[in-house]
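Since the structure comes first, as structure tokens, the remarks are kept for the end.
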2 protein chains.
Amino acid sequence: MSKSKLTVEHCATALRAVIASENRRVTSYDVAQVAGVSQSAVSRCFKPGASVSKTTYALVMKAAALLDYIPNAAARSLITRRSNMVALIVTNQANLYYPELLAEVSQQFAARGKRVLLFTLHREADVDRVLADVWQFQVDGVIAAARLSEAHIAEFDRRRMPVVLFNRTLRDHSVNTVTCDHVEAGRMLASRLAAAGHRQFGIIGGSMDSSVASERRRGAVERIAELGLPAPVVVPGDYDYRSGALGLKAIIAELGGVPDAIICGSDVMAIGCLDCARHELGLEVPQQLSVAGFDAVEPSNWISYNLTTLRQPLPKMAAAAADLLCARIDQHETDTEKRVFSAQFIEGATARLTPAGARTPGLTATGLRLPVAIM
Amino acid sequence: MSKSKLTVEHCATALRAVIASENRRVTSYDVAQVAGVSQSAVSRCFKPGASVSKTTYALVMKAAALLDYIPNAAARSLITRRSNMVALIVTNQANLYYPELLAEVSQQFAARGKRVLLFTLHREADVDRVLADVWQFQVDGVIAAARLSEAHIAEFDRRRMPVVLFNRTLRDHSVNTVTCDHVEAGRMLASRLAAAGHRQFGIIGGSMDSSVASERRRGAVERIAELGLPAPVVVPGDYDYRSGALGLKAIIAELGGVPDAIICGSDVMAIGCLDCARHELGLEVPQQLSVAGFDAVEPSNWISYNLTTLRQPLPKMAAAAADLLCARIDQHETDTEKRVFSAQFIEGATARLTPAGARTPGLTATGLRLPVAIM
DNA sequence: TTGTATGCGTTATCAC
DNA sequence: GTGATAACGCATACAA
């Protein structure tokens with residue numbers, strides 16, 4: 001062990017004692033002192049592409065390690081005007097039904113050197129308080145997976161805060177969005193079911209302020225009308241298991257019989273509907289009733305359900321959201337873009353997907369058979 | 001509209017233009033200028049219990065509103081040494097199987113004026129990189145719901161970083177923890193099942209580095225031994241649906257027959273086991289086989305499963321974690337405390353919970369009947 | 001490549 | 001109650 005090394009280490013431990021007694025943090029000045037260089041040299045060593053000599057760098061890193069020095073992100077953000085934090089605003093609902101979303105978003109940003117500050121809404125009314133916090137914390141951008149008003153979006157603009165809406169759209173506003181085409185998904189599902197001969201549909205929607213569920217419903221209703229089928233019975237739902245059972249019973253009551261197919265605004269409701277149909281009402285699914293959902297959550301794939309559903313490409317959507325936001329933050333991109341992904345159809349086994357033909361006549365509520373519809 | 005008001009508003013709009021042209025942020029100096037007071041007066045107005053006159057306060061708030069001024073948390077934290085952020089370190093697994101956890105923790109801290117910065121681990125190996133970020137971002141404390149080594153905990157101490165371990169314990173270390181008593185839960189489950197006459201157990205554990213699953217397993221194994229029952233067959237699992245089916249088959253293979261009961265380290269595995277037993281192997285549950293899990297995740301309550309399981313009081317645990325951490329942060333509490341909650345038994349319908357008696361003889365693999373065991 | 005000097009936006013300390 | 005002034009810890013323009 002060389003003499004100079006000994007000196008450096010002694011110096012470091014002595015300084016650590018001083019720092020501890022003064023009850024302050026280790027700063028770049030401390031490192032500079034131990035390393036025998038200036039504070040700016042230390043600063044440069046922690047900046048990726050800076051011009052520092054090999055020897056200075058080694059000295060500084062040695063001293064930093066001895067002192068357990070780590071740059072203070074708050075102080076850095078003050079001058080760089082970059083906090084390397086992004087806000088993720090998410091409703092509890094989204095959190096419960098897409099548990100992967102948080103992890104995906106978090107990792108996509110981590111890979112881009114940014115961390116996620118979490119803002120959960122338990123009620124939509126909280127949005128004002130939450131936004132006030134978002135401004136305070138100096139995040140570099142926002143991923144909003146919650147319902148925001150036009151006024152709120154306008155505030156983002158006013159504060160020049162980059163934002164990407166996730167599965168939300170806002171007409172008449174140039175704002176970055178990443179969405180799954182829920183209208184298309186609803187249409188696709190209706191088409192497939194109609195092609196298999198279903199005529200009378202029931203639809204269990206989401207809560208009234210959920211744009212996702214309402215778009216799915218709209219797509220299905222549109223397509224059913226285009227195909228000239230009887231108007232579906234539409235009942236509201238609350239996105240939960242119980243809603244599925246309640247919705248099914250409400251539809252049967254209103255229709256005075258069992259429909260050919262039930263389209264649910266989410267998998268959890270579809271599973272609730274399915275369990276009710278099979279275990280409470282004793283209906284054979286899909287022989288007497290087809291049931292379909294949306295989202296392809298994990299349980300939809302379990303043997304007991306094997307649900308017919310549509311999958312959102314969540315990992316790709318999270319990556320797209322991170323890309324859009326980082327482009328605005330780091331490359332000062334100003335053009336806005338709307339990235340729309342298609343849902344992927346999962347056949348499952350809770351819906352008949354081929355025409356029943358003569359093999360199983362009389363399954364529809366109306367007793368009428370539809371020729372294979374054009375998809 | 002009074003003359004002075006007009007002046008203030010004009011002044012504000014003019015200043016906003018200047019600020020925009022200089023491409024800088026709105027600061028407390030700007031507000032002070034518009035309000036006609038000093039910068040420190042503005043600062044005081046935004047500090048909850050400060051001494052400011054009614055009129056000054058009104059002037060400042062008016063000016064702040066006109067300028068869309070919000071205090072900069074980064075600058076504040078530099079001097080107060082408080083960022084009002086806490087880190088939540090969580091594995092992807094925990095995120096997937098306890099989706100409520102994130103929301104609960106986030107809201108508990110929001111209620112205490114703190115925000116959650118999210119750190120997800122996709123591999124345990126990431127922990128070093130993640131911790132480096134935790135230090136950088138100057139969080140006030142850490143909730144760790146991931147496996148941390150003794151060395152890592154020691155680093156928390158060294159950096160004087162308050163930390164609460166969530167569902168993790170570390171022997172020989174005085175550190176705040178909030179846990180569910182998983183050993184007790186495992187024992188409780190074994191007792192109940194043994195009391196109902198089950199003799200031969202199979203256990204599907206969690207992955208080998210999951211303390212939660214291993215504690216549950218240990219509790220069950222201990223209790224089974226205490227009751228003098230045959231040694232259970234223990235196989236590892238991976239916390240996922242597929243592990244449940246694989247585990248069941250492995251147990252049957254090793255045992256050369258169907259055991260009386262399977263205890264799974266998590267609900268998801270229990271559900272996988274259940275589906276395999278019923279739909280692949282054609283076993284009647286619970287008549288031919290009892291299956292139990294842990295966690296009481298939402299699907300465990302669905303009609304198709306109605307699982308016998310144990311619930312962790314997650315909301316209370318999240319609140320306790322927030323309390324402990326905030327006490328250390330805000331009241332500089334130095335004593336450490338371990339808060340242990342009991343799991344709540346959920347009867348469900350996938351396990352026989354009363355002695356079979358003479359009604360259904362010969363159900364056990366060994367054909368022997370156990371007298372009601374002492375709980 | 002390196003060191004000096006300055007500013008980021010706030011809170012805290014002190015006189016007044 | 002109010003206003004000047006000094007930190008907080010870092011990055012950067014500039015001179016050397």
Side-chain angles (χ1 to χ4, degrees), chain A residues 15 18-19 22-61 63-64 67-84 135-140 159, chain B residues 15 19 22-61 63-64 67-85 135-140 159:
Chain A
L15 187 51
V18 173
I19 291 167
E22 290 176 349
N23 193 31
R24 59 182 189 81
R25 293 164 162 161
V26 180
T27 72
S28 51
Y29 284 97
D30 300 319
V31 177
Q33 189 181 327
V34 170
V37 298
S38 74
Q39 179 268 334
S40 43
V42 175
S43 176
R44 278 189 285 264
C45 287
F46 284 90
K47 179 176 174 164
S51 87
V52 198
S53 74
K54 213 61 171 159
T55 52
T56 305
Y57 183 82
L59 275 172
V60 166
M61 283 310 170
L67 293 174
D68 281 330
Y69 169 76
I70 294 214
N72 182 322
R76 170 183 289 167
S77 77
L78 208 53
I79 186 141
T80 62
R81 294 147 147 275
R82 191 127 301 163
S83 64
N84 293 320
W135 311 138
Q136 282 225 12
F137 279 96
Q138 306 294 122
V139 297
D140 295 336
R159 296 186 183 271
Chain B
L15 187 50
I19 291 167
E22 290 176 349
N23 193 32
R24 60 182 189 79
R25 292 165 163 164
V26 181
T27 72
S28 50
Y29 284 98
D30 300 317
V31 178
Q33 190 181 328
V34 170
V37 297
S38 74
Q39 180 270 337
S40 23
V42 175
S43 176
R44 278 191 284 265
C45 288
F46 284 91
K47 179 176 175 166
S51 87
V52 198
S53 76
K54 211 68 172 150
T55 52
T56 305
Y57 183 83
L59 274 172
V60 167
M61 283 310 171
L67 292 174
D68 281 330
Y69 169 76
I70 294 212
N72 182 322
R76 168 183 293 166
S77 76
L78 208 53
I79 185 120
T80 61
R81 296 148 147 273
R82 191 128 299 164
S83 64
N84 292 321
M85 299 190 299
W135 312 138
Q136 282 225 10
F137 279 96
Q138 307 294 125
V139 296
D140 295 335
R159 296 185 183 274

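Naming: A, B, ... by sequence-line order, numbering from 1 per chain. Predicted, not measured: the structure shown is a model, and the values here were computed from it.
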- line: Nucleotide by nucleotide, nucleotides 8-16 of chain C touches protein heavy atoms under 4.0 Å in the pattern (B base, S sugar-phosphate only, - none) BBBBB----

field: N or O in side chain of S38(A) less than 4.0 angstrom from dT2(C) OP1/OP2
entry: no

message: For D68(B), is there any backbone N or O sitting under 3.5 Å from a side-chain donor or acceptor partner on R159(A)?
response: yes

message: Tell me if a side-chain donor or acceptor on S28(A) pairs with a main-chain N or O of S43(A) at a distance below 3.5 Å.
response: no

message: Quick one, N72(B) and L78(A) - any side-chain contact, counting heavy atoms below 4.5 Å?
response: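 In contact.
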
field: Nearest atoms (heavy-atom pairs only) where L67(A) meets V26(A)
entry: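 The pair with the smallest heavy-atom distance is O-CG2, 3.6 Å.
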
task: List the atom of P71(B), the atom of Q138(A), and the distance in Å for their closest heavy-atom pair.
output: O-OE1, 4.4 Å

query: At under 4.0 Å between heavy atoms, what does S77(B) touch on the DNA or RNA strands: base, sugar-phosphate, or nothing?
result: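 No contact.
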
- prompt: Can you tell me how far P of dG9(D) sits from CG of L67(A), to the nearest Å?
  reply: 14 Å

